[in-house]
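First up is the structure itself, then whatever we jot down about it.
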Amino acid sequence: MAMGVGMSEEGMRPVTELSRTEAVAEWADLVQAVLAANQAYHRDDAPTISDADYDRMKRRLAALEAAFPDIEATMNQQSPTSMVGAAPADGFGKVAHRLRMLSLENAFSDEEVTEFDERVRRFLGLTDAVAYTAEPKIDGLSLSLRYEAGRLVQAATRGDGELGENVTENARTIRDIPQSLTNAPAVLEVRGEVYMSHADFSALNQRQAAAEEKTFANPRNAAAGSLRQLDASITASRPLRFFAYAWGEVSDPLATTQAAAIARLNTLGFQTNPLTMLCAGPEEMLAHYRRIENQRATLGYDIDGVVYKVNDLALQARLGFRSSTPRWAIAHKFPAELAWTELLGIDIQVGRTGALSPVARLQPVTVGGVVVSNATLHNENYIAGRDSKGNVIRDGKDIRVGDWVQVYRAGDVIPKVADVDLDRRKIGAEPYVFPQVCPECGSPAHREAGDSVRRCTGGLICPAQAVERLKHFVSRNAFDIEGLGAKQVELFFKDTLLPVKTPADIFTLAARDAANPLQKLKNRDGFGDVSTAKLFAAIEAKRTIPLDRLLFSLGIRHVGEVAAGLLARHYSTWSAFEAAITHATPGSPEWADLTAIDGVGAVMAQSLVEAFQNPAERAAMDALVAELQVQPVVARGAVDSPVAGKTVVFTGTLEKMTRAEAKARAEALGAKVAGSVSAKTDLVVAGPGAGSKAKDAERLGVELIDEDSWLRLIGE
DNA sequence: GTGCCTCGAGTTCC
DNA sequence: CTCGAGGCAC
């Protein structure tokens with residue numbers, strides 16, 4: 001057991017008095033204790049220690065790491081304090097959102113806003129103006145509040161949109177969030193933004209500083225940190241606020257327009273933003289944007305743009321959603337904050353697919369409340385001014401080491417180099433020469449005509465590619481082996497005693513360790529009996545793997561999660577897939593079958609074929625599969641609708657909806673929409689003026705219905 | 001064939 | 001975010 005468990009902090013020795021050996025010992029024990037507590041809490045749903053003790057342990061860990069910064073790196077073990085976002089390592093249960101919490105499409109210019117309006121009207125087939133609400137976009141964190149029978153029963157953070165964190169107890173401490181509602185629908189999910197005002201933020205930071213606690217970089221971080229306290233009494237002491245602006249599941253509609261729904265939320269007792277305004281069209285929207293922009297500095301809280309939403313909820317329903325954003329809303333972002341700094345150097349990183357990416361090493365500079373010292377330089381052309389023939393490159397900035405460059409944080413996260421100040425160029429600065437060989441393995445780095453990326457041709461020979469491939473292999477949506485993250489993989493890759501060079505090596509680790517009587521893994525720093533056994537068990541648990549995950553894990557270019565799913569559903573077993581790809585060459589029946597999969601084109605097919613023809617890749621795959629039991633893929637649970645799984649063709653003039661709308665609607669119900677009628681077609685929906693396609697349907701004996709019957713069929 | 005739209009892949013930082 | 005693939009309409 002850890003020394004600190006159950007003890008008061010006053011009873012502990014200050015970390016500064018500890019020797020390195022003592023610190024390491026205590027650190028290792030604490031890590032074990034915290035991990036065990038995590039497991040008890042999350043997996044077994046049976047907490048073994050109080051939240052306060054847990055919190056204390058994590059604080060002690062953080063203190064140890066602050067005093068001995070290299071501790072984690074030297075211990076071959078990831079600390080729970082650094083497992084950010086790593087599942088529920090931080091102590092909150094997960095909550096599945098009944099209705100996904102989506103993100104918004106962004107607009108960065110007036111033109112993009114008018115285009116948005118045009119797109120909306122085109123989709124709906126409307127020439128008349130469409131009305132929109134416009135409201136400030138609060139820079140906080142979004143929260144979904146669920147009320148049943150008028151009582152607050154659950155509060156969840158956005159998370160990845162599907163799964164959020166359960167922060168109910170913390171949300172109950174926020175004054176702007178009502179505990180109960182009167183005259184509310186039986187089920188009501190209210191969504192909005194938790195934020196902290198400027199005044200409250202500076203007061204909090206003063207308090208924190210006085211108490212020698214850590215201060216926050218900005219109000220957003222302060223709000224996020226405060227809401228995600230394991231101890232709700234700490235959240236209660238933090239001045240959090242809440243604006244409601246949307247809803248999830250509701251048993252009865254709140255209203256028929258966005259504006260009225262917001263007003264209703266206000267009546268129910270929620271704070272809604274006073275700058276929310278109804279606009280008749282793009283001109284008024286942009287005028288309101290300027291108005292909000294002008295008030296930005298005096299609002300008293302952070303905002304990062306203006307959100308526009310189609311006002312009519314019936315139109316919102318018709319517009320529907322794309323994969324992760326609604327078609328009926330857009331966020332008009334304020335221009336990103338910019339900062340100038342000196343470019344100290346340019347490094348080249350080699351990615352999983354061999355892509356050579358230039359990274360700027362910068363004189364550290366504060367951008368949007370965060371200190372940035374690295375930033376992406378995009379690609380070869382972006383840095384270059386002229387190509388090898390001396391021609392000026394379009395969009396090329398001619399960036400040289402030593403230059404003054406402008407940096408911003410794109411999407412408020414990823415630092416990018418936006419511009420260079422040629423007037424401040426130092427005399428003698430040389431143009432940057434992009435490497436023509438891989439800096440990691442020395443293989444030639446080729447660039448295909450028309451491609452912006454130069455790639456190392458070393459394949460698995462290149463250590464950088466090999467290790468990046470391994471990191472991908474163990475990543476969350478791939479094999480996801482507990483206790484074997486990116487850091488560990490890197491260490492094992494370099495290890496001389498128990499090297500892991502390919503995915504198959506992971507599955508021989510335990511056997512190789514057992515075969516080596518002298519230097520057992522469990523005797524190493526950072527590994528004990530328990531953690532070694534746990535790691536081996538975690539690896540063992542992933543020996544059985546569904547085909548789609550396996551295909552994604554292979555890291556073949558152009559084959560991501562979705563493509564892997566398509567392939568797995570088509571071939572069902574590894575042996576069928578393997579046989580097909582091995583025999584596929586352009587023109588063969590296997591090739592035709594492969595490219596006939598909806599969503600698989602020639603590029604992806606070629607990429608698969610090349611991977612299978614490469615001896616090193618093939619050997620690595622064969623060795624891996626020999627270690628595994630690959631599960632055939634179970635067919636995806638179909639959407640429950642009368643047209644699910646059917647192939648539908650729309651033809652003629654549709655009168656109640658546009659073609660795009662009909663397609664989107666049908667797809668949302670699980671149907672596949674095709675352009676031409678064939679034997680595979682299940683249903684043809686014909687409007688007036690339908691011609692050859694209706695005849696094709698008759699000829700092929702495909703069911704033919706009119707638009708009204710279609711609408712009845714799908715229940716509208 | 002061209003010009004949209006949409007989505008997926010790949011990349012980056014803290 | 002940016003780029004490119006894939007698919008569709010014209």
Side-chain angles (χ1 to χ4, degrees), chain A residues 82 84-85 103 105-108 115-116 118-120 122-123 216-218 220-221 224-225 320-325 327 333 336 347-362 364-382 395 407-418 447-455 464-465 468-469 471-472 475 477-478 552 555-567 595-607 649-651 658-664 667 672-676:
Chain A
S82 62
V84 197
S103 46
E105 188 190 340
N106 291 320
F108 296 95
E115 279 167 22
F116 162 69
E118 282 161 15
R119 221 166 39 233
V120 163
R122 190 161 54 234
F123 190 94
F216 296 97
N218 52 53
R220 211 201 84 86
N221 285 359
F321 302 90
R322 282 182 291 257
S323 64
S324 67
T325 56
R327 288 195 188 85
K333 297 302 229 16
D347 284 357
I348 300 289
Q349 288 188 357
V350 182
R352 161 163 77 87
T353 62
L356 266 48
S357 322
V359 178
R361 303 294 168 209
L362 305 166
V365 63
T366 304
V367 192
V370 176
V371 178
V372 168
S373 46
N374 302 303
T376 174
L377 279 162
H378 306 99
N379 56 51
E380 188 171 354
N381 275 1
Y382 190 79
D395 298 333
V407 186
Y408 72 106
R409 295 208 304 148
D412 277 337
V413 187
I414 301 167
K416 298 195 166 179
V417 171
R447 198 171 148 192
E448 309 256 322
D451 201 350
S452 55
V453 181
R454 187 174 289 280
R455 288 176 201 278
Q465 282 192 57
E468 290 302 317
R469 288 276 286 269
K471 284 185 194 169
H472 171 77
S475 67
N477 295 324
F552 173 62
I556 296 168
R557 191 141 90 97
H558 298 126
V559 182
E561 259 186 289
V562 172
L566 293 172
L567 293 166
T595 52
I597 302 172
D598 196 9
V600 178
V603 172
M604 195 194 296
Q606 189 56 38
S607 175
V649 173
F650 292 98
T651 182
T658 65
R659 204 162 273 273
E661 194 180 349
K663 182 171 189 290
E667 281 171 351
K672 181 173 180 284
V673 178
S676 58

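The basis for the numbers below is simple: all heavy atoms, side chains too, and nothing from hydrogens, waters or symmetry mates. Residue numbering restarts at 1 for every chain, and letters A, B, ... go by the order of the sequence lines.
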Pairs under 3.5 angstrom only: tabulate donor-acceptor contacts from the side chains of residues 555-564 of chain A to other protein residues two or more places apart or in another chain.
{"unit_1": "Glu561(A)", "atom_1": "OE1", "unit_2": "Asn477(A)", "atom_2": "ND2", "d": "3.4"}

Would you kindly give the [atom1]-to-[atom2] distance between [X] and [N], to the nearest whole Å?
X: Phe116(A); N: dT6(B); atom1: CZ; atom2: P; result: 12 Å
X: Glu115(A); N: dC5(B); atom1: CD; atom2: P; result: 8 Å
X: Leu566(A); N: dC7(B); atom1: CG; atom2: P; result: 14 Å
X: His378(A); N: dC3(C); atom1: NE2; atom2: P; result: 8 Å
X: Tyr408(A); N: dT2(C); atom1: OH; atom2: P; result: 6 Å
X: Asn221(A); N: dC14(B); atom1: CG; atom2: P; result: 13 Å
X: Leu377(A); N: dC1(C); atom1: CG; atom2: P; result: 19 Å
X: Arg220(A); N: dC14(B); atom1: CZ; atom2: P; result: 16 Å

Close N/O contacts between protein and nucleotides 9-13 of chain B (under 3.5 Å):
{"unit_1": "dA9(B)", "atom_1": "OP1", "unit_2": "Gly560(A)", "atom_2": "N", "d": "2.3"}
{"unit_1": "dA9(B)", "atom_1": "OP1", "unit_2": "Gly560(A)", "atom_2": "O", "d": "3.4"}
{"unit_1": "dA9(B)", "atom_1": "OP2", "unit_2": "Glu561(A)", "atom_2": "N", "d": "3.4"}
{"unit_1": "dG10(B)", "atom_1": "OP1", "unit_2": "His558(A)", "atom_2": "N", "d": "3.3"}
{"unit_1": "dG10(B)", "atom_1": "OP2", "unit_2": "Arg352(A)", "atom_2": "NH2", "d": "2.6"}
{"unit_1": "dT11(B)", "atom_1": "OP1", "unit_2": "Thr353(A)", "atom_2": "OG1", "d": "3.1"}
{"unit_1": "dT11(B)", "atom_1": "O3'", "unit_2": "Ser357(A)", "atom_2": "OG", "d": "3.4"}
{"unit_1": "dT12(B)", "atom_1": "OP1", "unit_2": "Gln349(A)", "atom_2": "OE1", "d": "2.7"}
{"unit_1": "dT12(B)", "atom_1": "OP1", "unit_2": "Ser357(A)", "atom_2": "OG", "d": "3.4"}

Any chance you could measure [X], atom [atom1], to [Y], atom [atom2], to the nearest 0.5 Å?
X: Glu380(A); Y: Ser357(A); atom1: CD; atom2: OG; value: 11.5 Å
X: Leu356(A); Y: Arg454(A); atom1: CG; atom2: CZ; value: 8.0 Å
X: Thr353(A); Y: Gln465(A); atom1: OG1; atom2: CD; value: 7.0 Å

Subject >> Test side-chain hydrogen bond (donor to acceptor under 3.5 Å, both in side chains) applied to Arg361(A) - qualifying residues, sequence neighbours left out >> reply: Asp347(A), Asn374(A)
Original post:
OP1, OP2 of dC5(B) versus side-chain N and O of Arg122(A): anything below 4.0 Å?
Top reply: yes
Original post:
Is the backbone N or O of Lys416(A) less than 3.5 Å from a side-chain atom of His378(A), with the two atoms forming a donor-acceptor pair by type?
Top reply: no
